[in-house]
Amino acid sequence: MALARTASHGIIFVAILTNFACSDDLRPAAGAAGVTVHVGLEYVVLDNGIVQLTLSKPEGSITGVKYHGVDNVMEVKEEDGGGYWDIVWNPSNRDSGIFDIILGTEFDVVQQDANQVEVSFRTQWNPSHGGKLVPLNIDKRFVMLRGSSGFYTYAIYEHLQGWPEFNLGETRVAFKLRKDRFHYMAIADNRQRIMPMPEDREAGRSQKLGYSEAVRLTNPINAALRGEVDDKYQYSSENKDSLVHGWISSDPSVGFWVITPSNEFKSGGPVKQDLTSHVGPTCLATFVSSHYAGDDILPRIRNGEYWKKVFGPVFIYLNSASTKSDLKLLWEDAKKQARVEEGSWPYKFPASKDFQKSEQRGSVSGRLLVVDETANKDYVNGNAAFVGLASPGEAGSWQKESKGYQFWVRADAKGMFFIQNVRTGVYKLYAWVPGFIGDYKSSVNITITSRNHINLGNLVYRPPRDGPTLWEIGIPDRSAAEFFVPDPYPYYINRLYVNHPDRFRQYGLWERYTDLYPDHDLMYTVGISDYKKDWFYAHVTRKHGQASYQASTWQIKFRLNSVHRKGTYKLRLALASAVLSELQVRFNNPTAQPADFTTGLIGRDNSIARHGIHGLYWLFSIDVDSSWLLEGDNVIFLTQTRSETPFQGVMYDYIRLEAPA
Ligand SMILES: *[C@@H]1O[C@H](CO)[C@@H](O)[C@H](O)[C@H]1NC(C)=O
């Protein structure tokens with residue numbers, strides 16, 4: 001046994017060397033063929049001898065990507081096939097979104113030499129378009145470099161002063177790949193699998209589940225997938241983890257990857273989640289969306305304001321191996337390329353002056369310290385803090401911010417941070433520190449100018465705290481992942497997430513609450529219960545009969561040996577998500593009217609149905625009158641009152657009771 005294992009490792013090792021040698025051959029640098037552009041009547045073709053990209057003219061949609069002997073890796077038979085920029089928008093007086101594929105009406109070659117070709121497809125709004133076209137000038141760019149195994153795309157959106165108001169609901173680039181070739185999808189080291197075919201989602205091959213995006217495969221073309229759930233939201237990622245994702249064809253061995261080298265142009269900061277790749281085979285680069293956040297995050301262009309934003313560039317990378325081999329080799333190579341792209345940011349090549357180059361940008365550094373003690377004033381390091389620059393606003397406003405640019409880094413173990421390559425403009429510095437509640441915000445605006453470095457020195461974050469901790473539940477990290485995530489129903493499995501750290505990505509977990517607590521709601525006893533086992537990951541509704549749902553009330557039981565009658569206690573209630581919920585809090589009297597505290601109706605992040613383990617972060621600090629507390633046994637009743645659907649509820653991040661100072 002041991003011998004056989006050693007021998008097979010030997011073979012794999014040889015295969016790795018062969019394939020990396022091969023993919024390096026495909027990315028020659030100097031001496032490679034120059035880039036050419038051929039402008040036809042209805043098409044424009046960019047070619048560097050490695051990849052040939054065909055775009056419709058003047059619309060600027062991708063109709064062909066020829067690579068490694070495959071005439072076209074794109075699926076172009078369908079109406080929405082190929083690759084395209086799209087937008088969902090609505091005039092401010094209209095609720096429902098209008099979906100448009102962005103079609104250029106003017107075409108230009110912006111730059112053309114042997115090293116680089118850049119082309120532009122533009123659409124210009126004018127008053128004669130009225131409300132039929134989104135009031136934006138949009139300039140879509142495609143760039144091909146010499147010796148590069150792929151192409152770049154970016155776009156500049158501009159709303160001129162005085163133009164009509166509108167809301168931007170979504171914008172992205174979508175790629176539809178050939179379904180006869182691309183069957184294996186990879187979005188992370190431990191998130192990759194053979195995927196269903198698009199037909200598998202149709203009637204006759206699948207059963208619709210609780211919402212249209214989720215189906216159970218009853219008769220898939222690949223019989224091995226029978227009985228599994230497919231839902232594109234099971235493949236969402238946080239911005240910070242979405243550097244590269246894509247698809248692999250094994251015959252011929254070709255990978256197609258979307259690489260997002262920076263998140264500066266994305267909305268909502270580093271932990272905003274979005275779709276990546278999914279059945280189609282589809283590959284997305286999403287720039288604006290309400291996913292896992294709700295409409296509060298969407299750009300609202302008002303009062304004729306001037307607005308301009310550059311989305312991208314993103315890199316579309318193609319790679320290949322000479323033999324039908326381990327799919328992971330192409331994934332490893334794509335990750336390597338993704339790090340190269342990330343290291344080249346900000347790119348030097350974009351011809352648009354709206355994309356600021358490195359020498360036009362500025363930087364900020366400093367050190368974040370935390371004081372979370374009431375008794376002593378010791379500083380602790382802001383270890384691994386998330387530190388970022390975003391438009392001036394309230395503390396935490398960055399998680400709903402999408403009009404401007406955001407620049408985030410992780411501080412080191414000492415809390416030191418260095419944010420490089422920041423576009424010029426006015427920002428505030430924001431931060432949050434895993435292990436501590438709340439949000440840091442700089443008191444002053446930070447104005448970034450070209451070639452200028454600002455050293456902010458030591459910054460001190462004082463998380464909300466009035467007194468010592470009496471007890472706490474969970475870890476303050478803006479996620480519910482540390483709580484109890486149940487096993488999925490065997491009937492609703494996605495096998496990728498069996499024995500996987502992301503257990504929460506299974507379909508139907510919300511309904512397990514009713515199975516696990518058939519007779520009474522969750523009761524947690526401080527000092528005895530363990531939040532990893534005894535605190536359900538989401539405070540959901542209780543299923544009642546076939547299609548009705550009930551509010552549920554959770555209890556936290558705790559003992560106080562004595563109550564300080566002078567002074568106010570504090571309950572810190574941090575939520576990791578809220579979906580059309582109202583959370584009411586009562587002390588020792590489950591029927592008190594009104595409740596001692598209510599959040600009011602909050603949250604539209606939809607993270608329960610979308611298998612996120614968090615959406616937006618909420619922190620409530622509740623004054624607890626000492627007369628509400630008893631010497632001896634106490635109970636806090638947490639009631640989520642809204643119960644129209646199975647997807648309503650909140651996820652807790654962390655709960656703490658503080659004694660008076
Ligand atoms: C910070 O910048 C914002 C936006 O530019 C501005 O509205 C605000 O007045 C500034 N605040 C301070 C304190 O300068």
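For the numbers below, each heavy atom of this structure counts, side chains included, while hydrogens, waters and symmetry mates do not. Predicted model, so just to flag it, every value in this text is computed and none were measured.
- Residues Ser289 and Lys272 bring a donor and an acceptor atom of their side chains to less than 3.5 Å of each other.
- Take Leu103 and apply the side chain to side chain contact (heavy atoms under 4.5 Å, CB included) test, not counting sequence neighbours, and it matches Glu59, Ser61, Ile101.
- Annotation: side chain to side chain contact (heavy atoms under 4.5 Å, CB included) contacts of His159 (sequence neighbours excluded): Pro135, Leu136, Trp163, Phe166, Ile301, Trp307.
- Judged as a ring-ring contact (aromatic ring centres under 6.0 Å, His included), and not counting sequence neighbours, the contacts of Phe355 are Trp345.
- With sequence neighbours excluded, the residues forming a side chain to side chain contact (heavy atoms under 4.5 Å, CB included) with Asn455 are Ser365, His453, listed by chain and number.
- A donor-acceptor contact shorter than 3.5 Å links the side chain of Lys140 to the backbone of Ile102.
- The salt bridge (charged side-chain N to carboxylate O under 4.0 Å, His left out) test applied to Glu199 returns Lys179, not counting sequence neighbours.
- Geometrically, Arg610 engages Tyr233 in a cation-pi contact defined by less than 6.0 Å to the ring centre and at most 45° from the axis.
- Residues that satisfy the salt bridge (charged side-chain N to carboxylate O under 4.0 Å, His left out) test with Glu170, not counting sequence neighbours, are absent from this structure.
- Sorted by first and then second residue, the ring-ring contact (aromatic ring centres under 6.0 Å, His included) pairs involving residues 89-113 (not counting sequence neighbours) are Phe107-Phe121.
- Pairs passing the salt bridge (charged side-chain N to carboxylate O under 4.0 Å, His left out) check and including a residue from residues 35-58, sequence neighbours excluded, do not occur.
- The pair Lys232-Glu213 fails the salt-bridge criterion, with no side-chain N (NZ, NE, NH1 or NH2) lying under 4.0 Å from an Asp/Glu carboxylate O.
- Considering only residues two or more places apart in sequence or on other chains, Asp296 meets the salt bridge (charged side-chain N to carboxylate O under 4.0 Å, His left out) condition with Lys400.
- Counting only distance, with no hydrogens or angles, the side chain of Arg410 and the backbone of Ala384 share a donor-acceptor pair below 3.5 Å.
- In terms of heavy atoms, Ser402 sits closest to Ser267 at CB-CB, 3.1 Å.
- By the ring-ring contact (aromatic ring centres under 6.0 Å, His included) test, His183 is found to be paired with no residue, residues two or more places apart in sequence or in another chain being considered.
- By the side chain to side chain contact (heavy atoms under 4.5 Å, CB included) test, Ile419 pairs with Val387, Leu389, Phe407, Val409, Phe417, Val422, Leu429, sequence neighbours left out.
- With no hydrogens or angles considered, a side-chain donor-acceptor pair links Tyr306 and Glu158 at under 3.5 Å.
- Looking at His68, its side chain never comes within 3.5 Å of a backbone N or O of Ile50 through a donor-acceptor pair.
- Ring centers of Phe142 and Tyr152: at least 6.0 Å apart, outside the cut-off.
- Judged purely by distance below 3.5 Å, without hydrogens or angles, the side chains of Tyr43 and Ser56 never pair a donor atom with an acceptor atom.
- In this view, Arg122 and Glu106, Asp108 satisfy the salt bridge (charged side-chain N to carboxylate O under 4.0 Å, His left out) rule, not counting sequence neighbours.
- A donor-acceptor pair under 3.5 Å links the side-chain atoms of Asn319 to the main chain of Leu330, judged by distance alone.
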